[in-house]
Amino acid sequence: QVQVVESGGGLVQTGGSLRLSCAVSGRTFGGTGRGWFRQAPGKEREFVAAVSATGDTTHYSDSVKGRFAISRDNAGKTVILQMNNLKPEDTAVYYCAIGTYYYTSPEDRDYAYWGQGTQVTVSS
């Protein structure tokens, strides 16, 4: 089976930084992409960032482009989301997901396994 566990969330002031980690264990599906999504209260889950199976291609939502950076190790066992210059609108539960395909995708239907999420709160 697959286990996906996020960590690193917390409370930070506007303009601050957080580093989210995602640990994948069990059957890791190293040849597929990884993604981060988020869901704010009362809103639908939305795409944040994705990285391809080889790590050489990344894709970001317009709202985080230039502020967030996604990376992974070769095996896909660790996925990092570095978040800088955080804004109150970044407040959400952040989810790590294991993709079905090798390429990046902003569509949650292209991800097969999900973690339980980690809360990020940005105060103004």
Under the side chain to side chain contact (heavy atoms under 4.5 Å, CB included) test, which residues partner D56, sequence neighbours left out?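 Result, side chain to side chain contact (heavy atoms under 4.5 Å, CB included) vs D56: S52, T54.
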Separation of [Y] [atom2] from [X] [atom1] (nearest 0.5 Å):
X: R72; Y: K77; atom1: CZ; atom2: NZ; value: 12.0 Å
X: M83; Y: I80; atom1: CE; atom2: CD1; value: 11.0 Å
X: T78; Y: D73; atom1: OG1; atom2: CG; value: 4.5 Å

Quick one: side chain to side chain donor-acceptor pair (under 3.5 Å) partners of [X], sequence neighbours excluded?
X: S25; result: Q3
X: T91; result: none
X: N84; result: S17, Q82
X: D62; result: K65

For residues Y111 and V93: do they belong to one hydrophobic cluster (side chain heavy atoms under 4.5 Å, members Ile, Leu, Val, Met, Phe, Trp, Tyr)?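 Result: yes, single cluster for both.
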Same cluster (ILVMFWY, side-chain, under 4.5 Å), L81 and Y95: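 Result: no, two separate clusters.
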Testing the basics here: between P88 and S124, what is the closest heavy-atom pair and its distance to 0.1 Å?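 Smallest heavy-atom distance, with atoms named: CG-CB, 3.9 Å.
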Under the ring pair (Phe, Tyr, Trp, His ring centres under 6.0 Å) test, which residues partner Y60, sequence neighbours left out?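 Y60: no ring pair (Phe, Tyr, Trp, His ring centres under 6.0 Å) contacts found.
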List for me each residue that meets ring pair (Phe, Tyr, Trp, His ring centres under 6.0 Å) alongside F68, sequence neighbours excluded, and say none if there are none.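 Here no residue qualifies.
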Nonpolar side-chain network containing Y102, other nodes, edges under 4.5 Å: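 Other cluster members: Y101, Y103.
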Look at the aromatic rings of H59 and F47 and report parallel, tilted or perpendicular, splitting at 30° and 60°.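 Taking F47 first and then H59, their aromatic rings sit tilted (interplane angle of 30° to 60°).
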Of all pairs that satisfy ring-ring contact (aromatic ring centres under 6.0 Å, His included), the ones with a partner from residues 15-34, not counting sequence neighbours: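 Sorted pair list: F29-Y113.
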State which residues pass salt bridge (charged side-chain N to carboxylate O under 4.0 Å, His left out) with R45; sequence neighbours excluded, sorted by chain then number.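 Applying salt bridge (charged side-chain N to carboxylate O under 4.0 Å, His left out) to R45 gives D108.
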Does V2 reach the side chain of T28, with side-chain heavy atoms less than 4.5 Å apart?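 Heavy-atom side-chain distance check fails, nothing below 4.5 Å.
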Tabulate below the donor-acceptor pairs under 3.5 Å that side-chain atoms of residues 4-12 make, not counting sequence neighbours, or state none.
from : atom 1 : to   : atom 2 : distance (Å)
E6   : OE1    : Q116 : N      : 3.2
E6   : OE1    : G117 : N      : 2.8
E6   : OE2    : C96  : N      : 2.8
E6   : OE2    : G117 : N      : 3.3

Test side chain to side chain contact (heavy atoms under 4.5 Å, CB included) applied to T14 and L86, step by step: CA-CA 5 Å; T14 297; L86 284 160; over 6 Å; no
Enumerate the side chain to side chain donor-acceptor pair (under 3.5 Å) contacts for residues 32-44, please, sequence neighbours excluded, ordered by first and then second residue.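 Non-adjacent pairs meeting side chain to side chain donor-acceptor pair (under 3.5 Å): T32-R34, R38-E46, R38-S63, R38-D90, R38-Y94.
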Going through the checks in order, is the side chain to side chain contact (heavy atoms under 4.5 Å, CB included) test met by T118 and L20? CA-CA 8 Å; T118 185; L20 303 185; 4.0 Å; yes
